[in-house]
Amino acid sequence: MTIEQILYFSMLALSLFSYIVILCTIPFRRKKILREAGKLILPLNVKSSKKWIAIAVAAFILLLVVPLRNYSWFVNIVLLLTALVATEISAREASGSGKGGIYEKMLISGTSAVYWSEVYSLPTLSYENDEETTQVDFKTLRVLMNDGRENLILFSSEEERKLALETILKLVPRLKV
């Protein structure tokens with residue numbers, strides 16, 4: 001074997017090992033999130049999405065395609081890194097899947113796990129009841145973070161959103177408009 005082949009197969013083996021390690025961290029991520037979240041106050045009816053499985057399978061297929069084709073080094077590296085990023089995304093989605101709710105210290109909805117201390121405001125509240133505002137979706141809630149990021153929380157119904165909003169404002173009164 002040449003040095004180039006050894007480097008190529010080492011890179012492929014490292015990628016496959018990283019893929020396995022990322023997927024094996026899912027239970028630990030879930031436990032960590034739930035431990036840090038505190039007590040469940042209000043469960044949310046968030047569908048337990050299985051998209052993460054499809055993403056993980058697609059990433060694995062991408063890892064398997066790389067050795068079957070004779071791409072350049074740059075393309076191989078990009079494809080392998082893309083597969084690992086996709087695996088990381090699927091692991092994040094899997095770690096919060098099925099555990100949606102309002103907890104003492106955070107809100108978990110789908111892939112979003114937001115600490116109350118990191119929430120800057122709920123901008124939706126400032127304009128949703130204004131007469132001039134049109135086309136407000138009362139099944140969503142915008143959450144603006146301290147660092148400027150924005151999360152959009154989706155609810156199954158307007159009633160669930162209303163109940164969740166009441167619970168959030170009791171937990172974190174500083175978010176009232």
Side-chain angles (χ1 to χ4, degrees), residues 18-19 21-60 62 81-177:
S18 299
Y19 174 85
V21 168
I22 291 170
L23 290 182
C24 288
T25 63
I26 292 172
F28 302 109
R29 292 173 189 228
R30 182 180 294 247
K31 285 180 185 176
K32 180 181 181 236
I33 288 172
L34 293 176
R35 183 178 60 244
E36 291 176 357
K39 180 182 168 193
L40 177 64
I41 296 175
L42 177 69
L44 296 177
N45 189 18
V46 178
K47 291 181 183 177
S48 178
S49 175
K50 300 298 182 202
K51 288 186 294 188
W52 69 271
I53 296 172
I55 295 170
V57 169
F60 185 69
L62 185 57
L81 289 176
T82 301
L84 292 178
V85 168
T87 306
E88 175 63 25
I89 291 169
S90 71
R92 285 184 185 181
E93 183 157 335
S95 60
S97 180
K99 299 296 180 185
I102 297 173
Y103 293 81
E104 286 177 320
K105 297 179 185 171
M106 70 172 51
L107 168 67
I108 299 175
S109 176
T111 59
S112 299
V114 178
Y115 287 98
W116 298 123
S117 60
E118 295 176 359
V119 175
Y120 179 72
S121 70
L122 304 174
T124 313
L125 300 180
S126 64
Y127 63 79
E128 68 184 16
N129 292 324
D130 190 4
E131 294 175 6
E132 296 176 8
T133 304
T134 60
Q135 299 180 346
V136 175
D137 185 5
F138 287 100
K139 290 184 181 181
T140 63
L141 180 66
R142 287 179 48 212
V143 179
L144 188 61
M145 309 303 289
N146 288 332
D147 61 3
R149 288 181 298 130
E150 185 177 301
N151 284 340
L152 189 63
I153 309 298
L154 305 173
F155 296 94
S156 62
S157 67
E158 291 180 18
E159 295 79 28
E160 182 183 46
R161 180 188 180 271
K162 183 178 177 183
L163 182 60
L165 195 53
E166 289 171 3
T167 307
I168 290 170
L169 293 177
K170 285 180 188 173
L171 275 175
V172 193
R174 68 176 172 79
L175 296 176
K176 291 181 183 176
V177 178

Practice task
Kindly determine whether Ile33 and Lys99 satisfy side-chain contact (heavy atoms from CB on, under 4.5 Å), including the steps that lead there.
Solution key: CA-CA 10 Å; Ile33 288 172; Lys99 299 296 180 185; over 6 Å; no
Exercise for the section: Apply ring-ring contact (aromatic ring centres under 6.0 Å, His included) to Tyr103 and list each qualifying residue two or more places apart in sequence or on a separate chain. Expected result: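 In terms of ring-ring contact (aromatic ring centres under 6.0 Å, His included), with neighbours along the sequence ignored, Tyr103 is linked to no residue.
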Practice task
Look only at the side chain of Arg142 and the backbone of Ser121, and say whether a donor-acceptor pair between them is shorter than 3.5 Å.
Solution key: no
Problem - Residue pair Leu144, Asn151: steps toward the side-chain contact (heavy atoms from CB on, under 4.5 Å) verdict - result: CA-CA 6 Å; Leu144 188 61; Asn151 284 340; over 6 Å; no
Fill in the blank from the handout: Between the CG atom in Leu141 and the CD atom in Glu160, the distance rounded to the nearest 0.5 Å is 11.5 Å
Do [X] and [Y] have side chains that approach each other closer than 4.5 Å (heavy atoms only, starting at C-beta)?
X	Y	value
Asp147	Tyr120	no
Glu93	Lys51	yes
Thr25	Ser95	no
Phe60	Ile55	no
Asn146	Val119	no

Exercise for the section: Given side-chain contact (heavy atoms from CB on, under 4.5 Å), test Val114 with Met106 step by step and report yes or no. Expected result: CA-CA 5 Å; Val114 178; Met106 70 172 51; 5.7 Å; no
Problem - Pairing of Glu36 and Lys105 as salt bridge, 4.0 angstrom limit - result: no
Exercise for the section: Run the salt-bridge test on Glu166 and Lys170 with the 4.0 Å N-O cut-off and return the result as yes or no. Expected result: no
Exercise for the section: Check step by step if side-chain contact (heavy atoms from CB on, under 4.5 Å) holds for Arg149 and Val143. Expected result: CA-CA 8 Å; Arg149 288 181 298 130; Val143 179; over 6 Å; no
